[in-house]
Each structure stands twice: as C-alpha cells, then as structure tokens.
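Report on the structure given below.
Reckoned from all heavy atoms, side chains included, excluding hydrogens, waters and symmetry mates. What you see is a predicted model; the values in this text were computed from it and never measured. Chain naming here is simple, since letters A, B, ... match the order of the sequence lines and numbering starts at 1 in each.
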Amino acid sequence: MKLRGTGVAAVNYPTGMNLGGDPSQALIHATTSGTFVVSLSSTDLGQGHRTVIGQIAAEALGVAMEDVIVDTADTDTGPHDMGTFASRATHRVGNAVIAAALEVREALLDVAAEELEAARTDLEFDGQGNLMVRGAPARSLKIADIASAAQFKYGKTIAGRGAFMKPKSPVDPETGAMDPDSTEAHACTVAEVEVDTETGEVKVLSIRSAYEVGRQVNPALVKGQIVGGAWMGMSHALYETTAPYYPDPGHAPKDFSEYLMPGAHEIPQIECVVLEYPSSNGPYGVKGVGEMTANSPIPAIVNAIYHATGVRIDELPVTPELILRGLDAKRRAALVAPAADTTATAGR
Amino acid sequence: MSPALNVVGRSVARSDGIGHVTGRTQYTTDHVFPGMLHLKIVRSPAHHARIRHIDLSEAERVPGFVRALTYRDVPHNVYTILGLIGVEPEEEFVLAEDRLRYKGEPIVAIVAESEEAALDAVARVKLDLEELPAVFDVEEALKPGAPIVTHWGNNTFMYEGHPCRRVRFGDVEEAFARADHIVEGVYDTKPIEHAAIETTACIAVPEANGRYTVYTNSQAVYFSLDNTAIILQIPGNRLHFVGGTVGGGFGGKVDVIVEPLATLAAIKTNRPVKYAYSRSEEMQVSSTRSAWRIYVKDGVTRDGHIIARKVTSYADSGAYSRQTPYALTKHAANAAGPYAIPNVSIDAYCVYTNRVPSSAMRGFGITMASFAIEVQMDKIAELVGLDPWSIRFINAYRDGDVKPHRKVVEDATLIETMQAAAALVGHDLPAEFRTMTSAPRHAGEE
C-alpha cells in the first residue's frame, strides 16, 4: 500500500558566529582604466560569493558590475578574513566592502572637486558610473576619468579600506547569557511524501518552502541555495550516514557507491517564495542564507512520514527498516488492543 | 527590491559560471609543478591502541620513496584548531606519538616521487600495536569506568569549569509542576559526511625567496595559514596561502589537516608536495557532522503554550574536539528554537569517543536542534488537539521577546514566513493567524 502524508516545519537560523570575534576586511583600489579591484582573503566555496560581493561593491561604488574585479583567497594581497562559514560571508564581507567603497568615494570626491572646480559638498554620484555637480548634469565626469586623472595628473591613489567585526561575545558559564550571532533568518517548509508500506521506502513528492533572508543580493543564487539545501536536507532525512549501525563504527562507506544520496530521479518538486525583511546590520539588509536551507526539510519530511503512516521516528536517517519495524509494531499493538490508540513509536 | 538599488537585488550571471560549465575553472589540484612529490599517510587500523613500535625499513626500500615524517619532525605537534581564538587545551596530534585514539588517525607521513610509490610505501610500514578498549557511544563514554579518550581524565570538553554548555532561564521545575502536559522525546542522529565534490587538498611549493606558497581549498585561508605557522613554528610571513574557487565546503574544509604536513614536507625536501585526500579518506577519516542524542522535555498548557523546556544534548565529538565545542555553544543558544518559552534549561555536552573526529558542518549545532524541536512540536500539537500550523503560530517568538540566552529578538519574521508558506501550499489559515505579526507584544499579551 502507498500512503501519502504532509509535514510542516518552521525554523530560525542565527547567521554569523562571533564567540571569538568575527572580523572581515576588504581593500579596494582603482586601476588606470577606472576598474575597481576588490581584494579579499575570503573564499568562494562555489556558492557565488565572488558574484555577490561584486554586486555589493558595484552598488556601493556607484559603478557597473563590469568595472569591478573581485580578487579572493590570497593571503599576500587580501586583508584578513575569518573565513567562509557560519552563513557569514555575504553579511561580513559585504559590510567590509561597503566601508571600503565609502573611502573610495571620498577619494573620488577629492579629485572630482578639483577637476570640476566645484565644492565637494555640491557633488553627487549618479550610480551609473558618473560624478556630477548637483543640479547641473552638464558638469559631469566619468568615474573612470576621475580615477585616471588621480593617477596621472594629481599623483593620488583612489583606494579604500574597510573592516567589519562583531566583537567577541563572552558566554556566561552559569546562565549561558551571550550574543553569538548577528541576525535571525527564517524558513517554513511543507513536505509531501509517499510511503510504500511493503518496502518501507519513502518517496518525497514535494518540498515547498517560504524563506525570509533579509535582502537578497542575487535572487537566482539564493534560489540555488534553497534548492540545493532542500536536496541536502532530504538526503540527511532519508539516506546518509557514515555509521549505518551507530554507535558501532563498522560498515563505514568508502565512496559514493556505498554512501547513499538521492539521485536526479529522486529529486522532488522543489518550490520556494522568498520574503525580504532587511536586517538592521547586514549590507543593504542582508541576513544570509548559506547554511539554513538543509534544516527545515528534515523535520518536515519526518513529520510527513508520521502523517502518512502513524509511525513516529525520532532518529536520522529514516531508513526503510525503521519504517517497516514501526509499521510492524503498530500492527502488533492493534492485535493486542484493537480499540486502543495504535500510534507506535519506531526506534526508541 | 528597493528602487534605490541598481545592482543589488538582480540575478546577474555568476562570474565563474562559464568556467565551471566549460571545465576551465582551476581547482587546487589542477596546479602541477615540476618535481612535485606526493604525500600519503600511514593511519591507525585500530580504534584505540598504544603504539609499541613502528618499522619503516621495508617502506624505505620502495623505489620512489623520498622520506618519512613522524611526530619528531613536527615542531609543535599537539594543537587545537580553535586555539587561535583562545580555545583550550591543545589536544590533537598532527602525527600520533604513543597512543592512537581513532581508526584512521595519522601516524607517519610518507613522501614519494609518485602517488603509487607513496601508497606502496604506506602499505609496507609495519605497526606493532597494543589494542585498548574503545568507546563509541556518547552516554557510554560518560559512565564511570569508560575508556578515557582525552589526556585530562574525563570524556567531556570543559566549559569554564562545567562539563557542558549551560543555559538557565526562568524556573523550569516550577513550570513543569504547573504544566497540564509533559511531552518528552529522545532524538538520535547518525554522523554524516560533507560529501563535497572536491576532496580536501593542498600543494605546498618552496619559493626561491625562502617562502612557501600553499595552494589550498581551505574555507578559511588565514585560519589555515595561522594554524600552520603555529604547528611548524615559523613566522607567518614565510607562508603565502592561495585559494580560489572551492568545489564545495559545507564545513568540511575548515579543519587544518593537510596544509601543515604538506608544508613541513616541502620544507624538509625543498620540493613541491601535494597532499590530497582520496574519496575514501574523505569518507572514512575526514571530519563528519557529529552524531547527536538530544533529550527534550516540554511543559505545555492545555491550550498549547509551551511554558518550560529542558534539553540535554550530547554531540559525539569523536577523538578530538576540533570545532565541535563551538557547535554546542551555538546549539545551546538555539535549542528553544524560534519560539517564546519563558522557562528553559539546557545542558549541551561535547563528548569524546574513539570515533573519527567530527567538526563543523552546515547548520553547525542548529540542524539537529531544529530536527528535534520540530518533531517535538508535532507531538505537542497532537497531544493538545491542535494542527501543526496552530501550535507554531501560538508559540512563535516576536520582536522584543527575550531568548533563553538573554538576547532580545529584533528581527523575528517566523510568523510572516509561515503565512507565506501556508499561502504557497494553499493552506487556509484562520483569521487570527492570518493577521498575526511579529511586532512586539502589547503589555500583558501572551
């Protein structure tokens, strides 16, 4: 028999981790062609960190994406960064890049004021790569030309330094009072499953979620995290372990032929909506979406299995064996006391 | 998207996308250097053992063998990754000295002209071991008489004098006494692998100026550099770490394991040295997500309000703590979940066993808390006769609430997120939840 069920789970996720202090730094300088090089020691793990930081730099500098080069993960050229983890990179590095861009803008204003023979306070950026005298668009300079003039006419650097650090939060060892993170992102997932009562196999039919992650810098990359995380959460819930007989350490898998994960044909329908409630402390209101996307799918799937079968399973991964044992226990309970509540608990 | 923004909020094409899909992106092990040597590790075949003797004589005769490194070659052999931010004590051995604490623990590093020669030499190292009783379960490890894994006499990480990270908020026992229902659950999760596409790797290259360039797929190049400088006892300015695009991290590339040994081998041989995990090393000896056992006891009123929660959590750190103590702290700060619970008590234990060390992984201390809490929420809903949505709306935290770790909530949107999810799946919410917001409560409002 195939039984269908729906499960819900809602989660918060604290982004950043500053129990040891959590600094990130950025340097930006202009080249002769008016390109801005953003130097970082922060690392792109494949999630699109370089792209997102390029967007934040272009926004903060008021130039086009094409005029920004993001140089990452080099300890000779990039200033210090704690690393890419704890859903911190866009939040921390983004803030550092904005701070550096503000210094760059000050340096540009100094040179433009001389070139345009205008008061610094009368100048404004148009966000399209130009600096102009407010109310007089004819008196305008390309940022690229200002950068060039700075180097060849005035002998000045167009550069900026930026840092962001949430200071170390000590933990009160008695009460646990602490401030270990920057902001809370949220998710709510609804999972639909179909359980085969003969084989114990679970087919995930859909994973549909709402996310609230502060500002999205790049919606396509946010969606990439959500879809990838839904798959990872499903994999944790139903497939993966390095110790199938935990706590017994035996039978540890050696490769992907022994370590089960869902393949392309097992991927369910994955849908999401993303809400934007900007945070007070992230760049343009960013909260971060890195880690949290694998979290809510796990309990949503486990709750859906209960809804489908009446079998409560309190351990991961939920293997077909656990489900079959749970169904057996339920049947036995029904035989002993046919009128009683037949809800069974598998595992423990 | 705010109309004031030009680029932020747009789905611009990723800058490295073309490189990824055409195979032109350079990953760490795509770097090739003339005269590059290969490093492979002799690993413990036992879960817990004393080393009587190591015989390298046959390994040394393998054609292509260059040299072996033991703990005697490592200037600062006992370290702790989080020592950089003040976490104590130093406990993990770069290369084992007299005792082996997990199956797969590194004992000897073999450097050879080819990967094949290195593996051949590794296979010819003879180990004379005295096996010791081992412990693999978090609660067994805390019982009197359990084999002791650490060098300080018990199997827990110590948090400022406590064997666990504690949170104490309100009066849990008083609230349990007046609760209408007590709901208890025990949640178990097994260890898992990060399973990134790219395995952990680095190449250390001696430069003419006396420095060492280390190409690495570390998630944190400065963290790796600073730890390497400590282990090798050399000034940080002799090291230049270069990363790039990493083929997936998920927390699996924040342990500083390959860089110190590859750099040491480059120093000793004055040649480039590559140390890259095979897939089976990644699966069997790299850090996992910890196994967890989480006991949850909730005191609930008959209308579904959770008025007390007591959580006792055990994370299986394996033989060394790596990043796990930190995960327990993050866990302790979030074991109440996104709910307003006025009385909370949490004891979160980082437990040592003779298992492969666990460490950071995506969701760090939170993923398993969310699993336990959200299954628990469904049990509570069923017991008090509410649906799974109502129980969550009733208990959702709001701005101005104080979390058990004394942090005032200022960016709650759980309610709005649940409303959006209900709309997405076409679930009709009753008006009271449809119009609820995360705005601060009025005086006296529950």
Using heavy-atom distances under 4.5 Å, tell me whether A/Ser209 contacts chain B through its side chain, its backbone, both, or neither. backbone
Indicate whether any N or O donor in one side chain lies under 3.5 Å from an N or O acceptor in the other, for A/Tyr246 and B/Asp316. yes
Does any backbone or side-chain atom of B/Met377 lie under 4.5 Å from a heavy atom of chain A? Answer side chain, backbone, both or neither. neither
Does the B/Gln219 side chain pair with the main chain of A/Leu45, one donor and one acceptor, at a distance under 3.5 Å? no
Examine whether an atom of A/Thr15 lies under 4.5 Å from a heavy atom of chain B, and if so say whether it belongs to the side chain, the backbone or both; otherwise answer neither. neither
For chain B, find which of A/Asp76, A/Asp44, A/Val8 contributes the most heavy-atom pairs closer than 4.5 angstrom. A/Asp76
For side chain to side chain contact (heavy atoms under 4.5 Å, CB included), just list the numbers for A/Thr43 and B/Val221, CA-CA rounded to whole Å, side-chain angles, deciding distance to a tenth of an Å, and then say yes or no. CA-CA 8 Å; A/Thr43 298; B/Val221 286; 4.2 Å; yes
Is a donor from one side chain sitting under 3.5 angstrom from an acceptor on the other, for B/His240 and A/Asp74? yes
Ignoring hydrogens and geometry, is there a side-chain-to-backbone donor-acceptor pair from B/Glu374 to A/Ala10 under 3.5 Å? yes
Heavy-atom cut-off 4.5 Å, strictly under: side chain, backbone, both or neither for B/Lys103 against chain A? neither
Could you check whether B/Lys407 pairs with A/Asp181 (Lys NZ or Arg NE/NH1/NH2 to Asp/Glu carboxylate O, under 4.0 Å)? yes
Can you tell which part of A/Pro278 gets under 4.5 Å to a heavy atom of chain B, answering side chain, backbone, both or neither? neither
Relative to chain A, which segment of B/Arg165 carries a heavy atom at a distance below 4.5 Å: side chain, backbone, both, or neither? side chain
Per-residue contact mode, B/Asp411 against chain A (heavy atom under 4.5 angstrom): both
Tell me, side chain or backbone of B/Arg279 under 4.5 Å from chain A's heavy atoms, or both, or neither? both
Which heavy atom of A/Gly83 sits nearest a heavy atom of B/Ala220, and at what distance? CA-CB, 3.6 Å
Atom group of B/Thr329 that falls short of 4.5 Å from chain A, counting heavy atoms: both
Modelled atom types, side-chain donor and acceptor of B/Arg362 and A/Thr293, under 3.5 Å: yes
Give, as side chain, backbone, both or neither, the part of B/Leu414 having an atom under 4.5 angstrom from any heavy atom of chain A. both
Hey, is the main chain of B/Ala412 close enough, under 3.5 Å, to the side chain of A/Glu184 for a donor-acceptor pair? no
Side chain to side chain contact (heavy atoms under 4.5 Å, CB included) between B/Leu239 and A/Thr75: does it pass, once the steps are laid out? CA-CA 9 Å; B/Leu239 299 173; A/Thr75 59; over 6 Å; no
Under 4.5 Å heavy-atom distance to chain A, tell me which part of B/Ala195 shows up: side chain, backbone, both or neither. both
Expected output: side-chain B/Arg355 to main-chain A/Pro247 donor-acceptor under 3.5 Å: yes
